[in-house]
Chemist: 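The following block contains the structure, expressed as structure tokens.
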Amino acid sequence: MSGGEFRLPSGGRIDRSRPLRFSFGGRQYQGYEGDTLASALLANGVRLTARSFKYHRPRGIMGAGYEEPSSFVELAGEDESGNQAITTVRLRDGLRASPVNCWPSPGLDLMAANQLFARMLPAAFYYKTFMWPDWHLFEPHIRRAAGLAAAPQAERRNTRYETRHWHCDVLVAGAGPAGLMAALVAARSGARVLLADEGLEAGGSLLGRKVTVDGRPALDWVAAATAELDGMDNVTRLRDATVWAYREGNLLLVTERSPDAPHVFQRTWRVRAGRVVIATGAIERAMVFADNDRPGMMLASAVQTYVNRYAVRPGRRAVIFTNNTGAYAAAADMLAAGIDIAAIVDSRLQVEDDARALVPGVEILAGHVVQRSHGGRRVTGVTVQPKAGGTPRRLRCDLVCMSGGWSPTVHLFSQSRGRLRYEESVAAFVPAEPAQPAACAGAAEGRFELAAALTDGAEKGRLAAAAMGFRAQAAAVPQTKDAPRYAIEPLWHVEQHKPTAKSFVDVQNDVTLNDIHLAMREGFGAVEHVKRYTTAGMGIDQGKTGNINIIGAIAGKEGVPLEEVGTTTFRSPYVPIEFGALAGARRESVVLPYRHTPMTAWHIEAGAVMYEAGARWRRPGYYPRAGESFQETVNREARTVRTGAAVYDGSPLGKFEIKGRDALRLIEMLYTNAFSSLKTGMGRYGLMLSDDGLVLDDGVTFKLGDGHYLMSTSTGNADEVNRHMTQFCQVERPEWDVHITPVTAAWSNATVCGPRAREVMEALGTDIDLSPDAFPFMAIREGTVAGMQARLCRVSFTGELSFEINVRSRDAAALWRRVLEVGAPFGLIPIGSEANHVLRVEKGFLSLGHEVDATVDPYDLGIGWAMSKKKPDYIGKRAVEIRRKRGGPRRELVGLLIDEPERLVTEGAPITPGGRKEASEGFVSACVWSVVHNRSVALALLKDGRARMGQKAHIRMKDEVVTALITRPCFHDPDGNFLRS
Amino acid sequence: MLHIPCPFCGPRDESEFAHGGPARQQRPDDLSPLDDAAWVDHLTVPPNPVGPVREKWWHVRGCGQWVTIERDTLTHDILEETGE
Ligand SMILES: [Zn+2]
């Protein structure tokens, strides 16, 4: 078996010694190394490769690169992925591809029945048809019938994506003739150059053409240029790498699809460039006429590329339909490859002699247009007609080559917010004014002739290097001869021979000329509106071959110049980019790393069920014993704290040292209550508000000395409080002498709690006097505990006697083990955050994210007493006053005792008036099994809750209403005798 | 992604910073001369122009300093580095 019956006997940049087997739609074929899936299929005579998105019309391959609007495939196996343009899939041995949009195959497409209903699917048919009763009823069926590829199911073997940050003087996008020249000139001046090209091979358009440079084949010059660049230390050249985004600050994103590192699947470069030379070439445009979408209708340049680069004849007998001179060189190459040319249909009245000279003996129908095509699953002929009207004539062919002229690939330039203008002489939008330090070069600048592109590239390379302070020599530009000169007379579409004809302006989205006109009749005149209403120019190809025809159609209908219609916004990515390539290594815990305490390893080893709790801390939730249920474990842990001794890892608690002459001044601003009377060695509960008068955080702050404080914050709120404090210090009061140091990670703690905590502390051994008189509740002492330097605090988050032993983090693991050891005789056990939650709910202590949810103020929480009347100002004071002045009902913190004492309700459950289906009047913020009362207890925020004590609240659960008695929000030791003991 | 000039660290990627909103008048030491409406406005109506705006960024993943820049909200151009 050869590489296919349509393979030319010689030539092309394929390696005939390396045949590759592959399958497409379940059938086996053979191609060669160097083929794309498209070229290999064309070589095997496969023409029908797709079904269209909306109508399921038969489609073939139209392009030769990323402009492909028609055929998309899914890959199976190790490179499983969806929606790849068939022209960009590199052939490899064992490749398994299948077309999207058809089931079971493009030949036998059961969904093609859609075509019968084509009249029911006008522009915006989704919007119009599926408004009632609910889009979701239709969506699954529509997706199956008209969707694109399914998302890959299995994870790929190699999913190593990588990101590289890069800086260079000059980034050159595209290694075609202009880009190579620009890179050479800039690099020779000493500038640091990054050259990225989407192809595996450099050369750009030269790869698909037969031209000479300096009297030798152009690709010899390309080889010499790349060899010179590769030999320079200041040049980095990326292959198979597309520059797909141009962001602010001259940041460009480049994704390398086959990086030179076998363990990396794809690599994305985030490049800050001094200057950018955009040498991205140009894209040929399709022609718009009736049935311009059958298999066998291709871009002229694509056919030229298949012939020259892949040694493939995409057909036997071609009709060429053009409005410009560019198609004549393509025709000449096709002739040389043995393709018959039935005629060149040129919509221009005058055809230049040098163009005619390229195709001796070929019939040229000047001033003619292709009115429509014929055929079914592939094109069999066309009807041509003089443009001005006249007798139609039918031509037989199996290939139609379209050339609607060329559009500079201005995507990157436009993404950078550069302004475009319409240039009559080339009938295209070209760069006008850059918004960032960038310049287009060569065809991307509208210079379509090779000599002009080389000269322009050299000049743009020189200017870019000069702007970065390098002196570039004027380079000798290689000699070429382009014949004929590029000339074009635009033809945005052929007048339709009947009103129901389907002339596609966007092949991928099945948008026709009639759809555009319909959208305009319905009042969508602006190009951005037409795009959204009809979906023209959207999708995988983003309308690379058709957008200008849409603009031309609008301009023609409105009778205004194209400039006035303008283009739609060019957005990144220029080509489809995988999510993995965007993320790079930033997945899961790499994005937000977990925080661990020095005891984390111990907790895991002890069999704790680990939770993520607040600010990405990994904390023990509970320590189950064999045969224990969740509730049994939590009850055991909580009961031990109320009756004996326990220890928990309190290290994640936020801690800040505040120092300076104005430290007290800052604390007085941050907290609602007064701190001026606080004595050294003592701490005080503090309540912190945001400037809009809502509770931000609460915690205990100790005075370590004059101008020296230690503040603790909620675990989950430490970062936010840090921001709040530094912003106030640096932005509002930069003149204050105060410094804030986060010390959360510097100090770790084991908190010993329970009625027997003091005994455990004595057993640990400390030089601190532990008696209640010498070391009262809310005091802090420095000394040694278990031989370690420690800060010992008497705070309590459980409502029991507690000693928070803070030691240097490097000592913490040893301290923890020591506490468990000496605590064992007292029945001491470790407890997790679940038991802590139970204990704090029993006490009615507040918890961030439960009761404190950024909607409540201190009065709502019943801690209005913490709002100092004496201090003239503190953050949030005025806002609370203003809100309170306005009055009105507020949600207030209450306790709930559910009527069925055994019942636990979901935290967050809504409370509604009478349990009716009405707007909620509050919610259950916490509900736990109380070990003190042997029943459930709950906290809630409830409208006017304090005035409703003794009444019933109605909690709406999924299938029932649960009633509960409203109580005060404290279920254990309301006077705080235990924690002070 | 913006390239934000930090007066202490030099130009750095936006991802190192947290946005701190537009720069505003310093909070007065004494709020009593302000009527309620003026204070509510101060809290809830930050400047939000189309065009140049002086704004605060916190170099949280860098030096930890709050910096002020002038940025054109239309073009993302950073017009001037005002420091602090
Ligand atoms: Zn900095």
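Proteins get letters first, then strands, A, B, ... in listed order; numbering begins at 1 in each.
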Chemist: Does a side-chain N-to-carboxylate-O contact under 4.0 Å join A/Asp737 and A/Arg665?
Modeler: no
Chemist: Chain B heavy atoms under 4.5 Å from A/Asp873: which part of the residue, side chain, backbone, both or neither?
Modeler: side chain
Chemist: Within residues 35-43 of chain B, which positions have a heavy-atom distance to chain A below 4.5 Å?
Modeler: B/Asp35, B/Asp36, B/Trp39, B/Val40, B/Leu43
Chemist: Between B/Asp13 and A/Arg270, does any NZ, NE, NH1 or NH2 come within less than 4.0 Å of an OD or OE carboxylate oxygen?
Modeler: no
Chemist: Please determine, among A/Met669, A/Arg878, A/Lys877, A/Arg417, the option with the most heavy-atom pairs under 4.5 Å with chain B.
Modeler: A/Arg878
Chemist: Heavy-atom distance under 4.5 Å to chain A: side chain of B/Leu34, backbone, both or neither?
Modeler: both
Chemist: For A/Arg723, which atoms come within 4.5 Å of any heavy atom of chain B: side chain, backbone, both, or neither?
Modeler: both
Chemist: Between A/Thr726 and A/Asn722, is there a donor-acceptor pair closer than 3.5 Å when you use the side chain of the first and the backbone of the second?
Modeler: yes
Chemist: Between A/Thr268 and A/Thr255, do the side chains contain an N or O donor and an N or O acceptor separated by less than 3.5 Å?
Modeler: yes
Chemist: Got a salt bridge between A/Asp719 and A/Arg595, using NZ or NE/NH1/NH2 to carboxylate O under 4.0 Å?
Modeler: yes
Chemist: Answer yes or no: is there a donor N or O on one side and an acceptor on the other, between the side chain of A/Ser868 and the main chain of A/Lys870, under 3.5 Å?
Modeler: yes
Chemist: Aromatic rings A/Trp269 and A/Trp166: how do their planes relate, parallel, tilted or perpendicular, breaks at 30° and 60°?
Modeler: perpendicular
Chemist: Let me know if A/Asn250 has heavy atoms under 4.5 Å from chain B in its side chain, its backbone, both or neither.
Modeler: neither
Chemist: For B/Thr75, is it the side chain, the backbone, both or neither that has a heavy atom under 4.5 Å from a heavy atom of chain A?
Modeler: both
Chemist: Side chain of A/Arg275, backbone of A/Met468: donor and acceptor closer than 3.5 Å?
Modeler: no
Chemist: Name the member of A/His165, A/Arg733, A/Arg247 that forms the most heavy-atom pairs with chain B at distances under 4.5 Å.
Modeler: A/Arg733
Chemist: Counting only non-hydrogen atoms closer than 4.5 Å, does A/Lys885 touch chain B with its backbone (N, CA, C, O), its side chain (CB onward), both, or neither?
Modeler: side chain
Chemist: Using heavy-atom distances under 4.5 Å, tell me whether B/Asp77 contacts chain A through its side chain, its backbone, both, or neither.
Modeler: side chain
Chemist: Please determine, among B/Glu14, B/His3, B/Gln25, the option with the most heavy-atom pairs under 4.5 Å with chain A.
Modeler: B/His3
Chemist: Please confirm whether the backbone N or O of B/Met1 pairs with a side-chain atom of A/Glu248, one donor and one acceptor, at under 3.5 Å?
Modeler: yes
Chemist: Over all heavy atoms of both residues, which pair between A/Phe570 and A/Ser414 is shortest? Give the atoms and the distance, please.
Modeler: CD1-OG, 3.0 Å
Chemist: Using only atom types and a distance under 3.5 Å, with no angle test, would you say the side chain of A/Arg267 pairs donor to acceptor with the backbone of A/Arg164?
Modeler: no
